[in-house]
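Reviewing the structure listed below.
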Amino acid sequence: DHLDKIREFEGKTDAKPDDTIGGHRLVERLGGGHYGEVWKVEFIGHTFALKLLNGRRAPSEWRREVLAQYALGRLEGDDAKFFPRVEHIELDREPPYLRMEFIDGKQLEDLMFSPAAPLEERMALGLRILEALAAVHRHGYVHGDLSPSNVLVTRTGDVKLIDVGYGAIFDDGRGGDIRISGTPDDE
């Protein structure tokens with residue numbers, strides 16, 4: 001329908017497999033959304049994920065996502081395990097991008113339609129997702145777009161949250177408003 005075509009267009013860039021962006025060779029498009037698309041890339045002999053920000057949007061429109069993704073992707077300690085590690089941000093080129101750890105796993109969305117796992121495994125996965133959300137909140141963020149497509153499950157069963165930046169930064173305690181937003185379709 002019309003809305004699906006708009007959603008599909010918004011996340012697309014002109015990138016295609018084997019293109020090179022900032023020295024990164026694009027291998028496979030992994031997905032896309034309102035702010036851009038994510039590619040599996042090769043860079044100096046290593047595999048990464050490259051989030052290409054939609055160049056048709058003004059930087060002010062994706063600034064919150066970049067800041068949240070960077071802050072959570074640079075954590076140290078126990079909470080770092082819940083987010084893809086952000087290795088580099090390049091905002092002064094077209095298209096702007098974030099280079100992140102490549103997560104070898106599946107979206108929760110894909111696992112939901114596979115043969116049912118035992119109840120204990122499903123409950124344990126749910127608890128890991130709640131732990132990851134608690135980590136988001138401990139660091140002053142709200143996810144804002146939690147969905148099965150924004151939860152990655154690694155081959156070892158670890159949970160990684162992506163697209164956290166659609167959320168908001170919590171109030172700093174000085175009486176300011178807390179603004180929580182989802183994807184533009186939710187606003």
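This structure is a prediction, so every number in the text was calculated from the model and none was measured.
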(message) Using only atom types and a distance under 3.5 Å, with no angle test, would you say the side chain of H24 pairs donor to acceptor with the backbone of I44?
(response) no
(message) Taking T154's backbone N and O only, do any of them form a donor-acceptor pair with K160's side chain (distance below 3.5 Å, no angle check)?
(response) no
(message) Listing request: all ring pair (Phe, Tyr, Trp, His ring centres under 6.0 Å) pairs with a residue in residues 72-93, at least two apart in sequence or in separate chains.
(response) none
(request) Determine the minimum heavy-atom distance between G22 and R93, stating which atoms define it. (result) N-NH1, 3.6 Å
(message) Restricting to non-hydrogen atoms, name the atom on L75 and the atom on R85 that form the minimum distance, rounded to 0.1 Å.
(response) O-NH1, 3.6 Å
(message) With a 4.5 Å cut-off on side-chain heavy-atom distances among I, L, V, M, F, W and Y, is there a chain of contacts connecting F48 to W39?
(response) yes
(message) Quick check: is V151 connected to L125 through a chain of hydrophobic side chains (ILVMFWY, heavy atoms under 4.5 Å apart)?
(response) yes
(request) Locate the shortest heavy-atom distance separating P84 from E101; write the atom from each residue and the value. (result) CA-OE1, 3.5 Å
(request) Give a yes or no on whether F102 and V86 share a hydrophobic cluster (residues Ile, Leu, Val, Met, Phe, Trp, Tyr; joining criterion: side-chain heavy atoms under 4.5 Å apart). (result) no
(message) Checking the side chain of R128 only, and the main-chain atoms of G157 only, is there a donor and an acceptor separated by less than 3.5 Å?
(response) yes
(message) Just so I know, are the side chains of L111 and V153 near enough to count as touching, which here means a heavy-atom distance under 4.5 Å?
(response) yes
(request) Kindly indicate whether the side chain of V41, heavy atoms from C-beta on, has any atom under 4.5 Å from the side chain of R25. (result) no
(message) Taking salt bridge (Lys or Arg N to Asp or Glu O under 4.0 Å) as the definition, give me every residue that meets it alongside D158, ordered by chain and number, with sequence neighbours left out.
(response) none
(message) I'd like to know if the side chain of S147 pairs up with that of E109 as donor and acceptor (distance under 3.5 Å, no hydrogens or angles considered).
(response) no
(request) Please answer whether the main-chain N or O of D163 pairs with a side-chain N or O of D145 as donor and acceptor at a distance below 3.5 Å. (result) no
(request) Take R138 and E131 through the test salt bridge (Lys or Arg N to Asp or Glu O under 4.0 Å) and record every step on the way to the result. (result) CA-CA 10 Å; R138 271 194 297 277; E131 289 173 15; over 6 Å; no
(message) If you compare all heavy atoms of L91 against all heavy atoms of P96, which two are closest, and at what distance to 0.1 Å?
(response) CA-CB, 3.9 Å
(request) Indicate yes or no: does D104 engage K40 in a salt bridge with an N to O separation below 4.0 Å. (result) no
(message) So which atom in P17 and which in V27 form the shortest heavy-atom distance, rounded to 0.1 Å?
(response) CB-O, 4.0 Å
(request) Determine, for R99 against E90, whether the closest basic-nitrogen to carboxylate-oxygen distance falls under 4.0 angstrom. (result) no
(message) I want to check something: taking the side chain as every heavy atom from C-beta on, are I21 and Y97 in contact at a cut-off of under 4.5 Å?
(response) yes
(request) Side-chain contact test, heavy atoms from C-beta onward, threshold under 4.5 Å: evaluate it for L98 versus L50 and give yes or no. (result) no
(request) Would you give the length of the straight line joining atom CG of D79 to atom NE2 of H139, rounded to the nearest 0.5 angstrom? (result) 3.5 Å
(request) Return the minimal non-hydrogen interatomic distance between A15 and L26, and the atom names on each side. (result) CB-CD2, 3.4 Å
